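Read the structure below first, then the notes.
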Amino acid sequence: AGLQIGTAAAPAQVISRSQRQIAQGDDRLFLTLASSQGSLINQDGREATYGPGDFVLSDRTRPYRFIHDCDTAQTVLMIPRHALVQRIGSTERLTAIRIDGSKGFGGLLSPMLQKLAGQMAHIPAAARTRVAENAIDLIATALLSGTEARPLSAGMTHVRIKFWIEVHLSEELSGEQIAAVC
């Protein structure tokens, strides 16, 4: 399903995504799960501090800044834009929002996602796509249920509907079905 996952450890650092980097065309979404203290993200006019088990979404098509005050360890899921956007709509309202990895749905999902990277080699190849699709479904659920997300504007709703129709053009579509899904 195009989902990539990895782990990383690094000393204290600042990571910024500039307009020059954005112009190179990487349009993936990153879900970053912290394994250590002292991380901050800034994107889309929001800033969130997150710690062990917590996770945040960042969008590589817009500027962002991560600040790690100390040595950091994290799990990063690189999600194809289309795979998550078809489930959550616009990403602008969900970036740089901390999802608590210690309780609620985030508390259930965080340990699973942190273990996923180390377990992929033990999952049969035939099942990996299904595991990736299910992981993206669960991530979408966590993002939508774990935030006080702002409602979509009428313009963004229109864009979301058009995108969903384009993705499903090969199917028989009805107005009722489109309205229910979008």
Side-chain angles (χ1 to χ4, degrees), residues 1-19 21-22 26-81 83-85 87-123 128 131-152:
L3 179 69
Q4 295 176 301
I5 186 168
T7 57
Q13 60 183 309
V14 174
I15 302 168
S16 296
R17 184 120 175 111
S18 67
Q19 290 295 340
Q21 292 166 317
I22 291 166
D26 182 356
D27 72 343
R28 294 175 294 174
L29 301 166
F30 279 28
L31 189 79
T32 304
L33 292 97
S35 300
S36 58
Q37 292 289 347
S39 295
L40 179 133
I41 180 176
N42 181 299
Q43 188 170 37
D44 295 326
R46 285 183 297 279
E47 188 172 272
T49 302
Y50 62 104
D54 299 339
F55 49 97
V56 294
L57 181 71
S58 60
D59 186 334
R60 294 183 57 86
T61 64
R62 294 188 309 282
Y64 62 70
R65 185 176 198 159
F66 281 92
I67 300 171
H68 305 290
D69 290 338
C70 56
D71 290 354
T72 183
Q74 55 194 15
T75 300
V76 179
L77 287 90
M78 294 156 273
I79 307 166
R81 173 174 302 283
L84 194 56
V85 168
R87 292 165 169 90
I88 67 170
S90 169
T91 62
E92 289 90 353
R93 62 196 175 108
L94 298 170
T95 55
I97 295 177
R98 175 185 162 266
I99 304 295
D100 189 338
S102 67
K103 62 184 177 186
F105 193 75
L108 293 171
L109 183 57
S110 180
M112 185 199 87
L113 293 177
Q114 289 182 28
K115 292 179 182 178
L116 188 58
Q119 294 299 318
M120 286 305 288
H122 306 292
I123 296 173
R128 288 184 190 157
V131 169
E133 289 290 338
N134 287 323
I136 295 169
D137 283 338
L138 293 171
I139 290 165
T141 302
L143 291 169
L144 293 172
S145 67
T147 63
E148 304 262 338
R150 294 176 284 189
L152 288 173

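Note that the coordinates shown come from a computational prediction; the quantities given were computed from them, not determined experimentally.
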Point to revise | Rounded distance [0.5 Å steps], CG in Leu144 versus CG in Leu94 | key: 6.0 Å
Study note, to complete from the structure: dist Leu138:CG -> Ser145:OG (nearest 0.5 Å) comes out at 10.0 Å
Check your understanding: Could you state the interatomic distance from CG (Leu3) to CG (Leu77), rounded to the nearest 0.5 Å?
Key -> 5.5 Å
Exercise for review: Check whether any side-chain heavy atom of Arg98 lies under 4.5 Å from a side-chain heavy atom of Ile41, and answer yes or no.
Suggested key: no
Practice item. State whether a side-chain donor-acceptor pair under 3.5 Å links Arg81 with Thr61. Key: yes
**Study point:** Residues which pass side chain to side chain contact (heavy atoms under 4.5 Å, CB included) with Asp69, listed by chain and number, not counting sequence neighbours
**Key:** Ile67
Review point. If you take all heavy atoms of Ile22 and Pro63, which pair is closest and at what distance?
Key: CD1-N, 3.3 Å
Review point. Under 4.5 Å between any side-chain heavy atoms of Ser16 and Val14, yes or no?
Key: yes
Point to revise | Student check: side-chain heavy atoms of Val131 and Leu116 closer than 4.5 Å | key: yes
Exercise for review: Return the minimal non-hydrogen interatomic distance between Ser18 and Gln21, and the atom names on each side.
Suggested key: N-OE1, 2.8 Å
Exercise for review: Take Asp59 and Glu92, measure what side-chain contact (heavy atoms from CB on, under 4.5 Å) needs, and give me the verdict at the end.
Suggested key: CA-CA 8 Å; Asp59 186 334; Glu92 289 90 353; 5.6 Å; no
Exercise for review: I would like to know whether Val56 and Gln43 meet side-chain contact (heavy atoms from CB on, under 4.5 Å); could you show each step before the answer?
Suggested key: CA-CA 11 Å; Val56 294; Gln43 188 170 37; over 6 Å; no
Practice item. Mind checking the CD-CZ spacing from Gln13 to Phe66? Nearest 0.5 Å is all I need. Key: 10.5 Å
Exercise for review: Report the distance from atom CZ of Arg60 to atom CZ of Arg17, rounding to the nearest 0.5 Å.
Suggested key: 3.5 Å
Check your understanding: Could you give the distance from CG (Asn134) to CD1 (Ile139), rounded to the nearest 0.5 Å?
Key -> 11.0 Å
Revision key, fill the gap. Minimal heavy-atom distance between Ala83 and Ile136, with the atoms involved, is O-CG2, 3.7 Å
Practice item. Go through the structure and list residues passing salt bridge (Lys or Arg N to Asp or Glu O under 4.0 Å) with Arg65, not counting sequence neighbours. Key: none
Point to revise | Criterion side chain to side chain donor-acceptor pair (under 3.5 Å) on Thr95 and Arg46, from CA distance to verdict | key: CA-CA 8 Å; Thr95 55; Arg46 285 183 297 279; 3.0 Å; yes
**Study point:** Pairs touching residues 102-113 that satisfy side-chain hydrogen bond (donor to acceptor under 3.5 Å, both in side chains), sequence neighbours left out
**Key:** Asp100-Ser102, Ser110-Gln114
Name each donor-acceptor pair under 3.5 Å that joins a side chain in residues 28-35 to protein atoms two or more places apart or in another chain, with its distance.
residue	atom	partner	partner atom	Å
Arg28	NE	Asp26	OD1	3.0
Arg28	NE	Asp26	OD2	3.4
Arg28	NH1	Gln4	OE1	3.0
Arg28	NH2	Asp26	OD2	2.8

**Study point:** Taking every non-hydrogen atom, the tightest pair across Ile5 and Ala117
**Key:** CD1-N, 3.7 Å
Point to revise | Closest non-hydrogen atom pair, Ser39 against His68 | key: OG-ND1, 2.9 Å
Review point. Restricting to pairs with a member in residues 104-121, which pass salt bridge (charged side-chain N to carboxylate O under 4.0 Å, His left out), not counting sequence neighbours?
Key: none
Point to revise | Thr141 and Phe105, any side-chain heavy atoms less than 4.5 Å apart | key: yes
Exercise for review: Determine whether Ile99 and Tyr50 make a side-chain contact, defined as any pair of heavy atoms from C-beta on separated by less than 4.5 Å.
Suggested key: no
Check your understanding: Any side-chain heavy atom of Gln74 within less than 4.5 Å of one from Ser36?
Key -> no
Revision key, fill the gap. Here the pair of heavy atoms bringing Pro111 nearest to Gly106 is CD-O, 4.4 Å
Point to revise | Contacts of type side chain to side chain contact (heavy atoms under 4.5 Å, CB included), residue Ala12, not counting sequence neighbours | key: none
